[in-house]
Each structure stands twice: as C-alpha cells, then as structure tokens.
Amino acid sequence: MDLFDMKMPDQLIVWGNPLINGAWISIILVTLGIVFVLTKYKKWRWLWDEWLTTVDHKKIGIMYIVSALLMLFRGGVDALLMRIQLALPNLEFLDAQHYNEIFTTHGTVMIIFMAMPFLIGLMNVAVPLQIGARDVAFPTLNAISFWLFFAGALLFNLSFVIGGSPDAGWTNYVPLAGEELTPGIGINYYLWGLQISGIGTLATGINFLVTILKMRAPGMTLMRMPMFTWSTLITSVIIVFAFPVLTVALALLTFDRLLGAHFFTIDGGGMPMMWANLFWIWGHPEVYIVILPAFGIFSEVISTFARKRLFGYSAMVVSIVAISALSFLVWVHHFFTMGNGPWINSVFSITTMAIAIPTGVKVFNWLFTMYKGRIEFTTPMLWSLAFIPNFIIGGVTGVMLASAPADYQYHNSYFLISHFHYVLIGGTVFGCLAGLYYWWPKMFGFKINERISKWAFWVFVIGFNMTFIPMYLVGLKGMPRRIYTYREGLGWTGLNFIETVGTFVMGAGFVLLVWAIIYSIRHAKRDYESDPWNGRTLEWAIASPPPHYNFARVPRITGQDPLWRAKKKGETIFEEKTPLKPIHMPNHTGIPAVMAGFWFVAGFGFVFEWIPVGLAGILGVLLCMMWRSLTDYHDHHEVPVTELRDAAAEEIKNAGGRSARGVVNDG
Amino acid sequence: MSQQKQASAKHHVAGYAFSLVLTFVALFVALYTSLPASVKLIGIVVLAILQMVVQLIYFMHVTEGSKIYQLLSLGYGIFVAIVVVAGSIWIMLYNTMTQ
Amino acid sequence: MAELDQKVNLPDFPEYQTEDGRLKIFGFWVFLAAEVVLFSTLFATYLVFKDQTAGGPTAKDLFEVKEFMAETLILLTSSFTCGLATLKMRLGQKKGVLMWMGLTLLLGLGFMVMEIGEFIKYVGEGATIGTSAFLSAFYVLLSTHGVHVSLGILWVSLLLIQVVKRGLTPITSRKLFIAGLYWHFLDVVWIFVFTAVYLTGLVS
Ligand code: HEM
Ligand SMILES: [Cu+2]
C-alpha cells in the first residue's frame, strides 16, 4: 500500500536563503550553548527533577510564560521582517512565497503559541492561589497540557528549517490550503502543530473548570471569587466547548490531504466554505479565550492600585457569562462576504453588535473603579490604564466591521488588520504584561525594576500606536491585507513607512522589557515580600514564592477580597488554633513529558506522511496512557507537619496580624 | 452527593426495555409508515432525544455526584451542539434551500 | 486468586468515596460534554454533505436495515450489561463485575467486527472515503465512533486486569464507573448515528 512508502519531500533541510541560514546557525549555536551550560554546571538532574517532571501548577505556569515569551520573540521577528518588506514600494527583501510563509507563521504563533500559553501560564500561577487550593484538580493532566503545547509549538516552529513553512494564512483557508493547490508539507505542520497543542488546551479547560468549581476554600462562594478567577472559569468553559470544533476541522482537512477525502475540495461534492464555517465556529470563541483572562487581570490590577473594591462586581460577572454564550453566536461575521443569504448576514450582524454591549459594560466598571480612587502608577497599572483607550479603539472599529454591508468595504483590508491588533495587543498583550509584572514578585520573590519598565512601557505603547493608527488609514485607502508589495503612487507609501518605523519602536520597547527583566534578575533586591503590592486576594497571604503545597492551613473566607478585609480588621484568615495536618501532595512524574515526546514523533511522522513513524508515535502515546493507568495507585505523598510549621506561622503573620499599610476605608 | 438508595437490577431492565421499544418505534416510523418525510424526521429525532434521556437517567446516573454542575456542563454542550448543527446546515445549505 | 469471590465491604457509592474520585467523575462529565460538541461537529458535517454523492453510491444504495439494526441492538445490549456491571460494583460483587463487564467487552468486539465488515463490503461496492463528500463524512463520523469503541475495549480490558489484581477498592470502583460512563455515552452517540445516518438515509 502506498501509504507505507516513506517519500522524501523535495527539500527536507531548508537551506540557501540567507535569513534561514542565519536561523539555522543560531538554532544550532543556542542548542549547543544550552547543552554546554547544563553539562558544565551539572544541571541535567536539576532540570529533570525540578522542571521536566514537575506537576506543581506554579512551575508549570512559569514554563508556560517562558515559552510564551520566546514565542513572542519569534512572532515579533516575523513582524519586523514583514514590515521591512512593506516599508517602501517595490522592495525585494522577501519574495512573495517567503512573505506568505511569514504572515502565516506570525499569526499562528502569536495566537496559538504566544497569547494562549501566556494567559494559561498566568492562570496556572494565580488561580489555585486565589481560591485557596493546594493544586489544580488534575496535576498530572496539567503537566500533560503543558507538554502537549510544548510539543505542538516545537513541531510548528521546526517547519521553517525542516521541510518548509505553512503559507495559507493563520486561517488556513481552502481551497488554497488543499492538497491540489498547496502540495508539500507546510500545511501539514499547521494541522499537526495545532492539533497536538489543541488537545492540551482542551485538557487545561477541563482542569480549570473542575478546579474552580470544586476546589475552593470554605467560604469562597462563587460570588466572592476574584475577577481573574471568574474570567478563568468562563474562559475554561469556552475552551471546553470550542476546541472540539477545531479538533474536528483540523482532522477533516488532514483526511482531505492524506487520504483523498472530499470535505473541502471543489470536486467530489466538497465545499470549501465549510472550512471557513468550522474554523470560525471555533475561531470567534477563540478571540474571547484570549481576551477574557486579560480582562480579569486588568480587574485585579486596577482594583489593587486604585485601592478600591472592583466597581459593579456582579455586572462584571453577568457580562462575562453573557459573553461566553454570545461568543458562540457570531462566527459568520468573519465571512460576511462569502455570499451568504441576506437573512444570515443580518442575524449575525445583530448578534455581533450585541456582544459589544457586555464588553462596554466592563469598560465603565473599570472607569468607575478608578473614580475617586488613590491611584498608584506602578508598571502593571500603567499597562492597565493604557489598555482602556487602546481597547476602545479596537472595539469601536469592531462594531464598524459588524455591519455586514459596511464590511464589504473593510473586509481583508488593513482596516481589519488594525482592528484585531488593537484588541489583541491593546487587550491581550497589555494584559499579559500587566499580569507578568503583577505576579512576578509572587513567582520569584522580587519585583521587576520599575524605572526601566516604565521606559519600556512608553516606548512600546508609542510604537504600537505609530504602527497601527496608520494601518487604519491605509486600509481606508484600500490597501488589502496579505500582499507582499505594492506600487508607487497609490498614496500608501508614507503611511507604510511610518508603520515600519513604529514597528521598530515597538521592538525597542520589547528589548527594554527584556532588559528590565534581566537587570532585575541580576540586581533586584530579594525581599521575598509576601504582599508587595498591598493586595486584596489570597495569593498575597502566603510566602513569595509560595511553598509547593501553597497553604499550610486552608484559609477561611468571609467575603470578597478576603485579604483586604482581614488587613482592615486586623484579623487573620487562617485559624491559628486548628492543628496542622499532614498534606497530601501529588508525586512528580516523567510520563507527561515522555508522552508529549511520542506525540511529537507522531506529529512529525504524519507531517511528512510517513505513516509508520506516525503510528509508532501514537502507539507510544497509548503505552504511556496504559502505563499510567496501571501505576497511578500510589501517586501521592504526605508533607509532614514538621515541615509546615514555619509556613503556617508566616501565613498568620501576613494575613492581617501585621496590620495593613495604607488601608483606606472603602469597603 | 445524593445518598438515595441505589438503583436495582429491575431499574436497569426497565431502562433496557425502554431503549428497545424506542428503537423499534423509530425504525417503524421511519420505514414502515407513509407519513410525510418531514414528520418522520421530526419524529425520529424526538425519539433519539428520549433515548438519550433514558441512558442518562437509567444507566449514567446523571443525577448523582455533582448533579447541578454535571447537568449544566451537559446542557452547555447540547446548546453548542445545536448551534453547530443547525447553524452549519442553515449557513451551508441556505442557497440550495431557497432555490 | 483467592479473593476472587469475596464480597468486599465497600460503602454504598464506593466511586464517590475519595475527594479524588469525586473530582475525576465530575471532570469526566465535563470531558463528555466536550465530546458532545466533537460529535455534533461531525454530525453537522455529515448532514451538510449527505446529498453530495458526486455520482457515487447513495445512502439508499448502501444501507441495509438488517445490518444496522443488528449493530444497534448489540450496542444497546452492551450498554445494559455495562449498567449491570456498575450495579454489581456498587454491591461489591467482584465476580459479577467481571462477568458483566466481560460480556460488555464481547458485545463491543462483536459490534466492531460487524462495523468493519460493513465498511469492507461498502468498499467492495466502490464506496471509499475518496468517492464523494457524502462518503467522506460517513466514514469519518462512523470511524470516529468506532475508534472510541475500540479504545473503550482496550481501556476496559486494562481495568478488568486491575480489578482482578486489586479487587474492588474506591479507586478501581471509580475507574470502573468512569469507564461505564464512557461506554453509555458511546451508545448515545450511536443512537444519533442510527437516527441521523441510517434512518434518515432511508427516509426521503
Ligand atoms: C467589541 C467587540 C468586537 C467586535 C464587534 C468585533 C468584530 C469583528 C468583525 C466583524 C471581524 C471581521 C471583519 C472582517 O473580516 O472583515 C473581526 C475580525 C477579527 N477580530 Fe474582532 N471584534 C470584536 C472584538 C475582538 C476581540 C476582543 C478580539 C481578540 C482579542 C478580536 C479579534 C479579531 C481577529 C483576530 C479578527 C480577524 C481574523 C482574521 O481574519 O484573520 N476581535 N472582528
Ligand atoms: Cu469574530
């Protein structure tokens, strides 16, 4: 059977283009460097014990965030390359094919491998702490989620040096992405990279849903949960119900390409539009998956640094719950122009406009939270303040696009590009950074240097607006998206040039940010302050970094913002008198990483359509699962009371005993 | 968790009997009656939904454990399922339906 | 094994005894809710494509009442026997669990044999996954269900080994209960295959 002959693609190792050669060389050098350092300082054991086999949600969170920052770098380099090519008319820095590959990987990396993992990383770090839990519901599954994301990201990122990148856009529209018009393996990388990491994301959704619903500390009712926890809960719901659609859509296209099925082909009765339909049934909920957690972060940060309770808490909850349902009812707005019936476009225009309402409600709540607050302009607060106007620009232009007849004008122009960058950068990326700054001291016991960070902030925000305001204008002047060059004399040149300069300014902002982090790692004072921001929620009641079991005593919650209440009243949320009990904690395990390794092998095999390799990988995955099923009877150990005493004492001290600094009376 | 007494074997036999009856009624309605096609389709879909309810109650014990949360998740899944099925059919076949 | 026939003293609902058990059972319900969406997407695809036969064989040409009725009855019966196994598990009767679960496995295998036989027959009649959109959707929907059943067979077999070795403990009971949920769920999916694919295919 020809399925079993292992064909070699035309170009297995991509070589020749100077950019790619450079990438190759740097990949090899970096890998060698890492291996050298690990060996020289005898860190392999440490890497395996402390990180690769960990099931601790805080460490998993940190691994997510580090990977996401790397992906932000990779996606950012893609962006710079595109902007160089478009700076002036008729440049030949990239050819058409290379340009297509770069905008495809840019979009995919940023959404799937940067935004989502960054947010999931922050959820991992903060959510169990915020609800007073000692871990997530399924710690091993949590590790599996991370490693599947990692395997998927690795696979996808290999494409440009081994075999060639996908080039049909992050939306991967057929028939272009079909076997007929795009043979070769680039598209397969897209399909398998997303498939593998998507399974991990689904597992994360289930895990956090169960954790939040079932593992809250006594007294932490749903309506007392911090807003970040609420937004994580709703995000998990959306993940659980949206990701299966992506799984199917990817699988169907895989069958078209691998087995000659006819789902999305033009002949054989297939319908290319069905891909758009399925993709966006997942895709629109996906944009809410990457914005809701950011909303949650802004809520925490704004209320902390305005020193006020979040205004309109219940309205916020109602809004996000409404968004979770509405987000499944608007997907057609992404293909208004594909010739749907008038009824269809009208209905989906209306639902799309409706979703702006709960979003607007939230903006007002943030503004009222700050009203008459005593605002402290820390870096996380700056990112949150900048979010509001920038996100409004993105949201308002979204409503403009929501009108189907108007969308015929804007669709596939730079106007659209600017819309989603205003919401994705102004919302998601600003949120990720605010969260990173906010929880950094909790993760590591010291703050990131504020002075450099404020520079980074201003440079980045100015660069961002310099890039994307002109994009709205050039879009209105008719410049379509996804073109690799343009003629002179269309009135686009000046604006494009400003955009490119702006992108470099943003890049400088990113460099400053990295510099701030490195500088702080080397020089910042390790004060291990448990409550550095004068916070309101439970995570600030325990040590920084927290012990692996988080809470020596489970806290007792009597209202919203429990720590704040305790500090105000000079009480404690930990019952000093209850005797300490040994704590049950999950054991480390290597199965998640090994299993993800097999997924990687499977993905690699199927990308190259080497069926035996793919099947061998799947077999490995199955064996790991069977092994786990047979051996999970003793996967916990006990932390003895003697180990808990110090932590317990510190908890008591933090949570109110040492009376709060600068508490204002606002309830 | 509700601590009601557990279901008996009789209970299971009843569930099994229901499911057999529903299956044969569906077969009969679909193939051996002369109702209009649309009525038949509605009929068999309703019967399938009843089957699902039988399985959920008699065999899957959906009312035990975290009852409310379980029912909510399932309900949400069914909501999205209906949106996906009805929406896709409407969107993809609209142009053929109106001809 | 000496303890094979022992009636172990377990509480009424052994699967819910530990915190871990409760979390896992609820987690599995959430997973099943996600599976509802997964299968609904496949059903949506099938229903969109069911008349796109591209000149190839149609539903009426292929489906045979006797065949799919037999498959349906086998699966319904297996759901029943699986339910009885859960009942025995709650009564702490290990032997009963092994017997009814074993029977469930056999029925599951029988179903798979029939389904594979059906596919081979269709392919012989010139109906492959590449023939038309209708057949692509048909094969993918049914094999997704079939792969689930096969994985279920593998999983339950593995569990039975654990039950033989360890007896009915809160952990093995929880595992059995969850595998049971999975099995019943696949039966529900099949009901919809029966309705939306086979019956609908022969109606109009
Ligand atoms: C105020 C609420 C929003 C409305 C009314 C809205 C509306 C729209 C519409 C109508 C389109 C399609 C335009 C076209 O293709 O011609 C669109 C595209 C897009 N939106 Fe939004 N949007 C909103 C918020 C968001 C948010 C919060 C995000 C993400 C964080 C987002 C991300 C995107 C993306 C990524 C695309 C384009 C995808 C592509 O074609 O590559 N939007 N939006
Ligand atoms: Cu959208």
Side-chain angles (χ1 to χ4, degrees), chain A residues 137 205-206 209-215 222 233-234 236-246 248-249 263-264 269-282 284-285 321 324-336 338-348 351, chain B residues 1-7 30 36-42 44-46 48-99:
Chain A
I206 296 176
L209 187 65
V210 177
T211 306
I212 296 173
L213 288 180
K214 304 280 287 187
M215 292 179 62
L222 287 176
L233 175 66
I234 298 300
S236 306
V237 171
I238 304 181
I239 288 176
V240 166
F241 297 108
F243 264 76
V245 182
L246 177 70
V248 171
F263 292 103
F264 309 124
M271 299 182 188
M273 189 170 127
M274 186 67 179
W275 168 265
N277 178 53
L278 294 180
F279 184 88
W280 288 113
I281 290 179
W282 161 79
H284 188 84
V321 173
S324 83
L326 277 173
S327 71
F328 283 96
L329 299 172
V330 300
W331 75 95
V332 173
H333 68 220
H334 291 276
F335 51 99
F336 278 149
M338 280 193 191
N340 309 303
W343 267 107
I344 298 175
N345 275 359
S346 312
V347 167
F348 282 92
T351 52
Chain B
M1 175 185 51
S2 58
Q3 278 294 348
Q4 87 254 46
K5 224 25 219 172
Q6 359 185 316
S38 57
V39 177
K40 287 183 176 181
L41 290 181
I42 293 171
I44 57 179
V45 169
V46 170
I49 292 171
L50 288 178
Q51 280 267 24
M52 179 178 78
V53 174
V54 167
Q55 293 281 330
L56 281 173
I57 292 175
Y58 285 88
F59 295 140
M60 295 176 80
H61 312 279
V62 71
T63 53
E64 296 166 5
S66 325
K67 180 175 164 185
I68 303 289
Y69 290 150
Q70 280 166 199
L71 287 171
L72 274 178
S73 342
L74 212 57
Y76 209 111
I78 293 172
F79 156 69
V80 176
I82 292 172
V83 169
V84 172
V85 173
S88 299
I89 293 175
W90 188 39
I91 292 160
M92 296 307 299
L93 302 181
Y94 187 90
N95 293 327
T96 50
M97 288 193 299
T98 47
Q99 264 160 22

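In what follows, every chain begins at residue 1, and chains take the letters A, B, ... in the order their sequences are listed. Basis for what follows: all heavy atoms, side chains included, without hydrogens, waters or symmetry-related copies.
- Looking at A/W343, both its backbone and its side chain come within 4.5 Å of chain B, counting heavy atoms on both sides.
- Only the side chain of A/L329 comes within less than 4.5 Å of a heavy atom of chain B; its backbone N, CA, C and O stay farther away.
- Checked against side-chain contact (heavy atoms from CB on, under 4.5 Å), A/K214 has the following partners two or more places apart in sequence or in another chain: A/V210, B/S66, B/Y69, C/L23, C/F26.
- Here A/P342 pairs with B/Y94 under the side-chain contact (heavy atoms from CB on, under 4.5 Å) rule; sequence neighbours left out.
- With a threshold of 4.5 angstrom between heavy atoms, A/A242 does not approach chain B through any atom at all.
- The two residues A/F328 and B/V83 have their closest heavy-atom pair at O-CG1, 3.5 Å.
- Heavy atoms of A/V240 lying under 4.5 Å from chain B are absent altogether.
- Of all heavy-atom pairs between B/M92 and A/M274, the closest is CE-N, 3.4 Å.
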Item to complete: Evaluate side-chain contact (heavy atoms from CB on, under 4.5 Å) for A/V347 paired with B/W90, printing each intermediate quantity in order.
Response: CA-CA 12 Å; A/V347 167; B/W90 188 39; 3.9 Å; yes

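- With sequence neighbours excluded, the residues that form a side-chain contact (heavy atoms from CB on, under 4.5 Å) with B/V53 are B/I57.
- Both the backbone and the side chain of A/L213 come within contact range of chain B, each with at least one heavy atom under 4.5 Å from a heavy atom of that chain.
- B/I91 approaches A/F335 most closely through the heavy-atom pair CG2-CE1, 4.1 Å.
- By a heavy-atom distance cut of under 4.5 Å, B/S73, B/Y76, B/G77, B/F79 are the residues of residues 72-79 of chain B near chain A, going up by number.
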